[in-house]
Amino acid sequence: MPELPEVEVVRSGLERHVVGARITRVDVLHERSVRRHAAGATAFAEALAGRTVVAARRRGKYLWLPLDDARRGDAILAHLGMSGQLLVQPVTARPERHLRVRLTLESADGAATELRFVDQRTFGGLSLSPGGAELPTEIAHIARDPLDPEFDEAYVIGRIRRSASGIKRLLLTQTVLSGVGNIYADEALWRARIHGGRRGDRLRATDLRALLGHVRDVLGDALRQGGTSFDALYVNVNGQSGYFDRSLHAYGRVDEPCARCGTPIRRVAFMNRSSYFCPACQRPPRA
DNA sequence: CAAACTACCTGACTGC
DNA sequence: TGCAGTCAGGTAGTTT
């Protein structure tokens, strides 16, 4: 399940293997994967043909690939959703089961490869952002992520302390800070010994500073290990799985002993998904 | 305006 | 063996 570390692994792979390549052909095999491109699949394919990828950027879980011709200043915008993958493959490789969009590329030395968007659950997708080379307007509302050099911790703490929502819900709100999903939210809260149901406006600034430090650490740790992978749905740009799941302390560990105190990890329903926490280390707020 | 809820999607898995 | 039900969860859009 791609969160920020996984998306960053993909971005750096694209930077290495796709920047500088020219798009010679686009095949949209599943309309839903380009649904964010309002003009439709045919227009998407026609607009990309002949263009050259000049960079690979990221904010939170969004990726974009600015294209040549600075006057146009457009970019391919991508989100992996739940199960999306971007794979660089030789043209001879068999089509993947859930191959949705295929970009045929010609690198500077004339070699042909393919950038393939593969996505089982089709929550992800590609689109063309007309003026989005610097920051696509479609994601202007997405806050900076904790690994961004210009991440404004004081601003984020201020936002949290003015909200009556639970802290886990706030960590998942991409307009407050971006890049954190269910897995890393649970891990950071476990590290900080804070229960996800505690209200933002009832947390001390010092505790929030520590929590955001843990968020940064857990994202950084996962990034150094190449991202998390649970079910082979996520693989990086060359098809390699991450292995951070072995280092998780809370997420997915229901009934297993807490690594700090031995109390069994609990699982509770939360926003149509699950939250995992240690009921001893992370004291729930009064109802 | 903030906060909370729902639709979207496929495949692995569980229980009868 | 088959089949219905559950679960995984990020985001946009809708409702409260």
Side-chain angles (χ1 to χ4, degrees), chain A residues 1-8 10 28-38 58-64 77-86 96-101 117-127 129 136-143 145-146 156 158-189 196-202 215 219 222 227-235 241-242 245 248 250-255 266-276 285 287:
Chain A
M1 302 143 203
E3 297 184 28
L4 183 152
E6 293 78 11
V7 177
E8 175 56 25
V10 172
V28 176
L29 296 115
H30 197 303
E31 297 262 343
R32 184 172 154 80
S33 295
V34 294
R35 67 192 179 285
R36 306 270 296 272
H37 190 78
R58 180 188 59 73
R59 174 176 283 197
K61 303 170 199 169
Y62 280 93
L63 286 170
W64 66 100
L77 179 61
H79 196 291
L80 300 179
M82 277 291 298
S83 54
Q85 302 165 238
L86 281 166
E96 291 75 9
R97 177 128 130 102
H98 301 293
L99 178 60
R100 308 304 192 192
V101 182
F117 182 70
V118 177
D119 188 12
Q120 181 212 117
R121 296 176 215 177
T122 67
F123 277 28
L126 307 180
S127 60
S129 181
T137 52
E138 294 87 343
I139 61 166
H141 63 292
I142 300 290
D145 61 68
V156 173
R159 285 275 313 258
I160 292 171
R161 296 193 77 211
R162 274 183 273 113
S163 172
S165 292
I167 184 60
K168 179 170 177 182
R169 189 183 279 274
L170 290 164
L171 287 179
L172 296 176
T173 302
Q174 305 293 304
T175 49
V176 175
L177 75 169
S178 67
V180 179
N182 200 40
I183 298 169
Y184 296 124
D186 278 359
E187 289 304 300
L189 288 164
R198 293 178 60 186
R199 287 170 48 151
D201 59 4
R202 294 189 183 166
V215 170
L219 293 176
T228 303
S229 179
F230 292 90
D231 52 9
L233 283 175
Y234 162 76
V235 289
S241 286
D245 53 309
L248 298 178
Y251 184 85
R253 299 218 178 272
V254 63
D255 293 338
R266 285 197 55 195
R267 186 185 104 152
V268 297
F270 172 77
M271 290 171 77
N272 287 324
R273 58 208 65 180
S274 297
S275 283
Y276 300 87

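All values below come from the heavy atoms of this structure, side chains included, with hydrogens, waters and symmetry mates left out. Protein chains get the first letters and strands the later ones, always in sequence-line order, with residue 1 at the start of each.
- A donor-acceptor pair under 3.5 Å links the side-chain atoms of Arg100(A) to the main chain of Gln120(A), judged by distance alone.
- The residue among Ala164(A) and Asn272(A) whose nearest nucleotide of DNA chain B lies closer to the 5′ end is Ala164(A).
- Across the protein-nucleic acid pair, Leu80(A) atom CG and dG10(C) atom P stand 12 Å apart, rounded to whole Å.
- Here the side chain of Gln174(A) pairs no donor or acceptor atom with the backbone of Gly60(A) at under 3.5 angstrom.
- Put simply, CG on Asn182(A) is 9 Å from P on dA8(C), counting in whole angstrom units.
- No contact: His30(A) has no heavy atom under 4.0 Å from any strand.
- The distance between atom CZ of Arg97(A) and atom C1' of dG11(B), rounded to the nearest whole Å, is 8 Å.
- Following rounding to the nearest Å, Met82(A) (CE) and dC7(C) (P) show an atom-to-atom distance of 14 Å.
- Counting heavy atoms from C-beta outward, Val180(A) and Leu4(A) have side chains that stay 4.5 Å or more apart.
- The separation between Glu138(A) atom CD and dA12(C) atom P is 10 Å, rounded to whole Å.
- Residue Asn182(A) comes nearest to Glu3(A) through the heavy atom pair N-OE2, 3.5 Å, listed as atom of the first residue, atom of the second, then distance.
- Atom pair Arg121(A):CZ and dC9(B):P shows a separation of 14 Å (rounding to whole Å applied).
- Using a 4.0 Å heavy-atom distance criterion, Asp119(A) is classed as making no nucleic acid contact.
- Contact detail for Gly125(A) and Phe117(A): the closest heavy-atom pair is N-CZ, 3.5 Å.
- As a whole-Å value, the separation of His98(A) NE2 from dA8(C) P is 19 Å.
- Not a single donor-acceptor pair, N or O on each side, falls under 3.5 Å between the base of dA4(B) and the side chain of Arg169(A).
- Among the atoms of the strands shown, only primed sugar atoms or phosphate atoms (P, OP1, OP2) are found under 4.0 Å from some heavy atom of Arg267(A).
- Contact annotation for Arg35(A): no contact, since no heavy-atom pair falls under 4.0 Å across all strands.
- The nearest whole Å value for the distance from the NZ atom in Lys168(A) to the P atom in dA3(B) is 18 Å.
- The structure places CZ of Arg169(A) at 9.5 Å from OG of Ser163(A), a figure rounded to the nearest 0.5 Å.
- The base of dG10(C) is paired with the side chain of Arg273(A) by a donor and an acceptor separated by under 3.5 Å.
- Put simply, CG on Leu77(A) and CG on Leu126(A) are 8.5 Å apart, with the number rounded to the nearest 0.5 Å.
- Here Phe270(A) lies out of heavy-atom contact (under 4.0 Å) with every strand.
- A rotation axis mapping the C1' atoms of four pairs onto the next four is fitted at both ends of the helix from dA2(B)-dT16(C) to dC16(B)-dG2(C) over five pairs, and the angle between these axes is 60° to 10 degrees.
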